[in-house]
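Before any comments, here is the structure.
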Amino acid sequence: MRWSRTLLETIKENPSEAEVASHQLMVRAGMIRKVAAGLYDYLPLGWRVMRKIEQIVREEMDAAGALEVQMPILSPAEMWQETGRWTQYGAELFRIKDRHGREFALGPTHEEVITDIVRRTVRSYRQLPVNLYQIHTKFRDEIRPRFGVMRAREFIMKDAYSFDRDEIGAEAAYDKMFQTYQRIFQRCGLRFKAVEADSGSIGGSFSSEFMVLAETGEEAIASCTQCNYAANIEKAVGKLPVISPEETPITMEMVSTPGKHTVEEVAEFLQVPISRLAKTLIYAVDKILVAVVIRGDREVNEVKLKNALGAQELVLAGPEQIQAATGAPVGFAGPCGLQGVGRILMDDSLHQAVNLVTGGNRADTHAQGVNPGRDFQPTQILDLKNVRAGDLCPKCSAVLTLERGIEVGHVFKLGMKYSRAMRAVFLDEGGEEHFCVMGCYGIGVSRIAAAAIEQNHDEHGIIWPLAIAPYQVVLLPVSPKDPRAAEMAEEVYAEMQAAGVEALLDDRDERAGIKFKDADLTGIPIRLTFGRGVAENMIELKRRDTGAVEMVSRTEIAARVKALCEKMAGL
RNA sequence: CGGGGUGUAGCGCAGUGGCUAGCGCACCUGCUUUGGGAGCAGGGGGCCGACGGUUCAAGUCCGUCCACCCCGACCA
């Protein structure tokens, strides 16, 4: 491709709306342009990257035996009602009505539609297992779209769904996809980590996320410094030592704590460490109030709490609800004698803890010397806290660290959630009917591009991994007025095309500085400069990643570039 | 949804209530320049987010709405 014909406009200044490097660079390099919040045009350069990523995904999915299909973006409300997700998915589901008033969803994911395909197609065990996938646009009305295509309302996703006759088959399908995903992300040149994850609104029994490690990632990951344990913070479990187990329990007594309603204020006032406090949070869960008691220095993990309660909606109770439930204003709730809630859940950080300080369920009052089991009876003791760096690994008890990541893939074991709700059944050898056992597997194609930039850039611009670069080589004649250089660039450009190398010829009538800056900004892995060396039939070859420069003779250039491409692609 | 911020040329930004709304970049023409975002000269491009109000006079003040960005979404 000739640069002058690509409608490729770069800009010098960062757009004011872009915060993170990938967003800034994608806009500056002319890859994307914002249409509205969370909606982007993919311009020619950006779209080439998407197609590169799609192609890698497609090749690996095909190699894994999956079948590509295409489902409609619109799906009828009835299907979503069958599984209950029409109401459960909430405001994130884009809904529209047709001219007759019939309701549709813009697909955020396609479990319902794929299950409908299978229930209408699969009748016999002989047709199983099957794994169907598609690559197209998904719609999610995100609370807050941000970071460019990283969290957009419309994005490109590969979604795959496996159907098996039993758990053993489903397990194998899951493992196959897990391995396939590792290959895909490796081929895309990403540094990533697979972590245990919560299944969220997709459901199912177990899931793993593939995280690209980056400071700007929206997800927090806990991982073990010794073994291979790694989990999303939503799911991660950390062990911690119990508080002073050898201390003898003292008598519980009320103390006056006027105006002290945060844990920090109470700890300071009573001169005890914050970890000695047990805070009591009152949640409103589907109209019922639930108390959660947790160590003062710890945070409740609402995903864990939701899962423990089987709840869909979870909000902290308002001041009136708290007053009604505890008899005290906000800040003085405690578990002892607490009558106004349905359940008292205690985080296991307080298991065997002694002599705690809690709220007194009376204004300006706290209780000291509180001992769980003696002074109050939790309904359940559960792990409900967020892991912190320094907690201990649940598998091997080594220290856990926290990192940040960008979720680029997620694989789920779904079980029979959808096949049962939508009656996707088959007959076995004995003529007996069974539900299909499902798995589902997503990859954020557009997010991979952003994640790759987040991991691979410098102050000059993008540094594409070769496999997903929009072009592999940029040819740069330094002076348009130098006919020998221009001519040689044209010849080499033709040779590149003949050799199957994707080349971009910078044929613009621009000064050298502009061309060099743009070559760096757009991040094309190999740059060929036709300048001073041309008189001696030499071409300068520079790698964008290492910055290494070498002079290559005119006769060897095609072979050299071809070999370097193969090396950089890891072939 | 709550809080904060911003809307002026394609992009980045100036602009005491007072003449025909500016600057840099980008764009077009010409001349010079030519290995790291050139110089000079000339030029094109604006519903100043929308609507309503105050005023002799509104980009500027007031109100309402809209869009976009950031933080938060309840940790007692």
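Keep in mind the model is a prediction, meaning the values are calculated, not measured. So that the names make sense, note that chain A is the first sequence line, chain B the second, and so on, each numbered from 1.
Among the protein residues, A:Arg33 comes within range of no part of the nucleic acid, since none of its heavy atoms lies under 4.0 Å from any strand. Residue contacts for A:Lys542: at a heavy-atom cut-off of 4.0 Å it reaches a base atom on one of the strands shown. Residue contacts shown for A:Val292 are absent, as no nucleic acid heavy atom lies under 4.0 Å away. Using a 4.0 Å heavy-atom criterion, one finds that A:Leu476 contacts no nucleic acid atom at all. Base engagement by A:Glu540 is indicated by at least one non-hydrogen atom pair under 4.0 Å involving a base atom. Counting non-hydrogen atoms under 4.0 angstrom, A:Ile322 reaches a base of the nucleic acid. Across all strands, A:Lys34 comes closer than 4.0 Å only to sugar-phosphate atoms, never to a base (heavy-atom distances). A:Ala333 comes within 4.0 angstrom of no nucleic acid atom, judged by non-hydrogen atoms across all strands.
The base of B:G36 is paired with the side chain of A:Arg527 by a donor and an acceptor separated by under 3.5 Å. With hydrogens and angles ignored, no donor-acceptor pair closer than 3.5 Å exists between the side chain of A:Arg144 and the base of B:G3. Interface remark: the A:Asn14 side chain does not form any donor-acceptor pair with the B:G12 base, using a distance-only criterion of under 3.5 Å. Within 3.5 Å, no donor on the side chain of A:Glu9 pairs with an acceptor on the base of B:G10, nor the reverse.
Between B:A21 and B:C48, the two P atoms lie 11 Å apart (nearest whole Å). Of the P atoms belonging to B:C51 and B:G59, the separation is 13 Å, rounded to the nearest Å. Nucleotides B:G45 and B:U8 are separated by 14 Å at their C1' atoms, to the nearest Å. Comparing B:A41 with B:C25, their P atoms are spaced 12 Å from each other, to the whole Å. Remark: the separation of the C1' atoms in B:C11 and B:G2 is 32 Å, to the nearest Å. Annotation: B:U34 and B:A50 have their C1' atoms spaced 49 Å apart (nearest Å). The separation of B:G4 from B:A73, taken at their C1' atoms, amounts to 15 Å, rounded to a whole angstrom. One C1' atom belongs to B:C61, the other to B:A67, and the distance between them is 23 Å to the nearest Å.
Taking the nucleotide of RNA chain B with the nearest heavy atom to each of A:Leu281 and A:Lys481, the more 5' of the two is matched to A:Lys481. Comparing A:Glu17 and A:Val330 along RNA chain B, the residue whose closest nucleotide (by nearest heavy atom) sits nearer the 5' end is A:Glu17.
Across B:A76, B:C74, B:C69, the shortest atom-to-atom separation from the side chain of A:Ala37 is found for B:C69. In this structure, of B:A73, B:G37, B:A76, it is B:G37 that holds the atom nearest to the side chain of A:Asp518. Proximity note for A:Leu316 (side chain, C-beta onward) versus B:U34, B:G35, B:C75: the nearest is B:C75. The side chain of A:Glu299 approaches B:C75 more closely than any other nucleotide in the set B:G72, B:C75, B:C70. Among the nucleotides B:A76, B:C27, B:G35, the one closest to the side chain of A:Lys279 is B:A76. In the set B:G37, B:U34, B:G35, B:G37 carries the atom at the smallest distance from any side-chain atom of A:Lys12.
For B:U6, the paired base is B:A67 (Watson-Crick or G-U wobble, both distances below 3.5 Å). Pairing for B:C23 is with B:G12, a Watson-Crick or G-U wobble pair whose two hydrogen-bonding atom distances lie under 3.5 Å. Here B:A57 sits opposite no nucleotide as a Watson-Crick or G-U wobble pair (both hydrogen-bonding atom distances under 3.5 Å). Under the Watson-Crick and G-U wobble criteria, each requiring two contacts below 3.5 Å, nucleotide B:A38 is paired to B:U32.
Taking A:Val20 as the reference, A:Ser22, A:His23, A:Phe147, A:Thr216, A:Glu454 meet the side chain to side chain contact (heavy atoms under 4.5 Å, CB included) condition, with sequence neighbours excluded.
Contact check on A:Asp482 versus A:Arg532 returns no salt bridge, with no Lys/Arg side-chain nitrogen under 4.0 Å from an Asp/Glu carboxylate oxygen. With respect to the salt-bridge test (charged N to carboxylate O, under 4.0 angstrom), the residues A:Glu218 and A:Arg146 qualify. Taking the charged nitrogens against the carboxylate oxygens, A:Arg554 and A:Glu495 do have a contact shorter than 4.0 Å, which makes a salt bridge. Salt bridge status for A:Arg527 with A:Glu540: present, with a side-chain N to carboxylate O gap under 4.0 Å.
Note on A:Ser16: a side-chain N or O is less than 4.0 Å away from OP1 or OP2 of B:C13. Remark: A:Arg511 is in phosphate contact with B:A38, judged by side-chain N or O atoms under 4.0 Å from OP1 or OP2. At B:G35, none of the side-chain N or O atoms of A:Thr529 fall inside 4.0 Å of OP1 or OP2 (strictly under the cut-off).
For the pair A:Leu43 CG and B:C11 P, the computed distance is 13 Å after rounding to whole Å. Spacing between atom CG of A:Asp41 and atom P of B:G10 amounts to 16 Å, rounded to whole angstrom units.
Annotation for A:Gly90 and A:Arg95: closest pair O-NH2, 2.6 Å, computed over non-hydrogen atoms.
Checked by atom type, the side-chain pair A:Asp198/A:Asn232 shows no donor-acceptor distance below 3.5 Å. A:Tyr40 and A:Glu154 are not linked by any side-chain donor-acceptor pair at a separation below 3.5 angstrom, with hydrogens and angles left out of the test.
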